[in-house]
Structures are given as C-alpha cells and as structure tokens.
> 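There's a structure below that I have some questions on.
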Amino acid sequence: IASNFFTNPIIQLTRVAENISTGDLTHKADIRRNDEIGVLARTFNTMTDQIQELISNLESRVEQRTADLQQRTADLEQATAQSNKRARQLETIAEISRYISTEKDQEKLLPLITQIVSERFVFYHVGIFLLDENGKFAVLRAANSPGGQIMLRRQHKLEVGQTGIVGNVTATGKPRIALDTGTDAVYFNNPDLSATRSEMALPLTARGTIIGALDVQSTTSNAFADEDISIISLLADQVAIAIDNVR
C-alpha cells in the first residue's frame with residue numbers, strides 16, 4: 001500500500017510526460033495531493049498550459065505573417081501587372097505615333113487612328129470628333145465600330161457644352177469619365193452604341209485651342225480609372241498634333 005501510494009502518481013506523471021513528448025498536450029496529471037508529488041503534478045500541469053498557450057500564440061503569429069505575406073505578394077503582383085499594362089500602353093502609343101506621323105491625308109488618318117486605338121487598347125468604340133467652323137458642334141469624323149459607321153453616315157454631331165460627355169469635354173477642355181453610362185448626368189444615350197457601359201472622352205488640343213475630342217467606349221462598367229486618363233491623354237495629344245500637322 002505504501003509503495004502504491006508513492007509510485008502510482010509517479011507512473012501517472014510519466015505517462016503524461018510521454019504523451020507530451022509525442023505532441024499531445026491535452027493530458028493533465030490528475031493528482032490531488034498537498035505533498036511534494038502534488039506540487040510537482042500542479043507544476044507539470046502549469047507548464048503544459050504554458051506550452052499550449054505558447055504554441056497557440058506562435059500559430060496565430062505564423063498565420064498572421066502568412067496572411068501578410070500573401071497580401072504583399074498579391075499587391076506586388078497587382079502592381080507588376082499595372083506596370084506591365086502601362087508599359088504596353090506607352091509602347092502602343094509610340095507605335096501609333098509612328099503610324100500617324102507617316103499619313104498626311106486627314107480622311108485616311110482619322111479612320112486609321114480609330115482602328116489602331118481600338119485594336120491595341122481593346123476598346124469597343126473609338127470616335128474622333130472635330131469642332132465645326134463656328135465651334136458650336138463637335139462633329140464625328142471617324143469611328144471604328146459598326147454603330148459608329150451608322151453615326152458617320154447620318155453626320156452625327158453633339159452641341160458643345162450641352163450634349164454628352166463629348167459636349168462637356170469640348171467645352172471645358174478637361175477629360176471626363178462616365179463609369180456607369182446609365183446614371184451619369186451628362187451621358188448622351190446613343191441607340192447606335194447601346195452596348196456601351198463606360199465612356200471616356202479627352203479633349204484634342206492643338207496650339208492651346210480645343211479642336212475636338214477623342215471618345216472611347218467599353219462594354220464593361222467601371223472599365224476606366226483615373227490613372228487611365230494620364231495614359232490616354234498622351235494618346236490624345238499625339239492625335240491632336242497629327243491632325244494639326246495635316247491641317
């Protein structure tokens with residue numbers, strides 16, 4: 001009896017220690033005594049609890065660090081994709097500039113611009129508007145889409161400062177984006193371009209004077225961002241210079 005009184009708690013502690021050594025921290029020493037063996041059992045259980053808490057904290061930190069690393073990787077990939085996109089766009093603008101610098105006939109130049117811009121930037125519709133002699137209307141002079149061709153045949157024009165974002169841009173000289181053409185206040189609902197969901201117009205300025213607008217449209221809502229303005233503005237400047245040189 002005396003031997004069992006001393007050895008059984010030690011055997012139990014040994015088994016708990018063996019379980020802990022295998023990674024199982026759920027086992028506790030169930031020894032309710034006030035002597036040295038009881039103190040040892042309580043200390044052992046406290047140590048196990050501390051190890052569990054330490055492991056839990058480490059796992060939480062690892063999960064947080066992993067999540068942070070994944071987020072940073074995603075941000076880096078997004079930034080890289082944006083940089084590659086901008087590089088391709090700038091390369092396209094340079095290529096377009098080479099194309100249009102060799103064409104001296106405006107009737108050939110404008111359709112060429114709309115076709116190349118549509119193909120390279122994957123725009124559903126690209127149109128070039130030029131102001132009439134009185135500067136009252138922006139007249140569509142070239143377009144790549146089937147709807148744009150219909151508009152050309154009926155001599156489509158928009159009143160400056162009054163109709164659509166093209167009218168707004170040719171009056172203010174500032175780029176304008178309509179991310180949702182169904183709700184934009186200055187968007188002109190054109191039945192010939194019924195698939196349009198986003199539109200961006202940029203002024204064509206030559207020698208400090210507004211001569212027209214470059215109009216690009218997409219079948220996707222929210223297709224354009226503010227940073228697209230800077231890129232497409234470079235393109236609009238090249239188009240304006242080409243038109244001015246031809247004139």
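Quick caveat: nothing in here was measured; it's all calculated off a predicted structure.
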> To check you understand the geometry: which heavy-atom pair defines the closest contact between Ala236 and Pro203, and what is its length?
CB-O, 3.9 Å
> Go through the structure and list residues passing side-chain hydrogen bond (donor to acceptor under 3.5 Å, both in side chains) with Glu53, not counting sequence neighbours.
none
> Does one side chain, of Thr114 or Asn144, offer a donor that lies under 3.5 Å from an acceptor on the other?
no
> With rounding to the nearest 0.5 angstrom, report the CD to CZ distance, Gln115 to Arg120.
9.5 Å
> Taking the side chain as C-beta and beyond, is there a heavy-atom pair between Ile128 and Leu140 under 4.5 Å?
no
> Heavy-atom distance under 4.5 Å between the side chains of His156 and Leu152, does that happen here?
no
> Looking only at heavy atoms, what is the nearest atom pair of Gly148 and Ala143, with distance?
CA-CB, 3.7 Å
> Indicate, with yes or no, if Val216 and Leu112 share a hydrophobic cluster defined by side-chain heavy-atom contacts under 4.5 Å among Ile, Leu, Val, Met, Phe, Trp and Tyr.
yes
> Less than 4.5 Å apart, side chain to side chain, heavy atoms only: is that true for Leu204 and Phe129?
no
> Any chance you could measure Leu58, atom CG, to Arg65, atom CZ, to the nearest 0.5 Å?
10.5 Å
> Any idea which heavy atoms bring Pro111 and Ala142 closest together, and the distance?
N-CB, 3.7 Å
> Taking the side chain as every heavy atom from C-beta outward, state whether Met200 and Leu214 have any pair of such atoms under 4.5 Å apart.
no
> Yes or no on side-chain contact (heavy atoms from CB on, under 4.5 Å) for Phe121 and Leu235, after CA distance, side-chain angles and deciding distance?
CA-CA 11 Å; Phe121 286 88; Leu235 176 61; 4.0 Å; yes
> Indicate whether any N or O donor in one side chain lies under 3.5 Å from an N or O acceptor in the other, for Gln217 and Asp215.
yes
> Could you state the interatomic distance from CD1 (Ile177) to CD1 (Ile165), rounded to the nearest 0.5 Å?
8.5 Å
> Counting N and O atoms only, with roles assigned by atom type, does the side chain of Asn245 sit under 3.5 Å from a partner on the main chain of Ile241, one being a donor and the other an acceptor?
yes
> Look up atom CG in Asp68 and atom CD in Glu63, then write down how far apart they are to the nearest 0.5 Å.
12.0 Å
> Compare all side-chain heavy atoms of Thr73 with those of Leu76 and state whether any distance is below 4.5 angstrom.
no
> Any carboxylate oxygen within less than 4.0 angstrom of a Lys/Arg side-chain nitrogen, looking at Arg176 and Glu199?
no
> Between OG1 of Thr205 and CD1 of Ile210, what distance do you get to the nearest 0.5 Å?
5.5 Å
> Could you go through Ile232 and Phe123, starting from their C-alpha distance and side-chain angles, then the distance that decides it, and tell me whether this counts as side-chain contact (heavy atoms from CB on, under 4.5 Å)?
CA-CA 12 Å; Ile232 308 301; Phe123 292 141; 4.2 Å; yes
> Check the surroundings of atom CZ in Arg154: do more than 12 heavy atoms from other residues, nucleotides or ligands lie under 6.0 Å from it?
yes
> Indicate yes or no: at least one non-hydrogen side-chain atom of Ile150 is less than 4.5 angstrom from one of Arg153.
yes
> Is there any side-chain hydrogen bond (donor to acceptor under 3.5 Å, both in side chains) pair reaching into residues 121-135, and which pairs are they, with sequence neighbours excluded?
His125-Ser145
> Name all residues meeting the side-chain contact (heavy atoms from CB on, under 4.5 Å) criterion together with Thr220; count only those two or more places apart in sequence or in a different chain, and write none if there are none.
Ser218, Ala223
> Taking Lys157 as the fixed residue, which of Leu131, Val166, Val139 is the one that meets the side chain to side chain contact (heavy atoms under 4.5 Å, CB included) rule?
Val139
> Side chains of Lys136 and Val160, heavy atoms from C-beta outward: is any pair under 4.5 Å?
no
> Does some side-chain heavy atom of Val169 sit less than 4.5 Å from a side-chain heavy atom of Lys174?
no
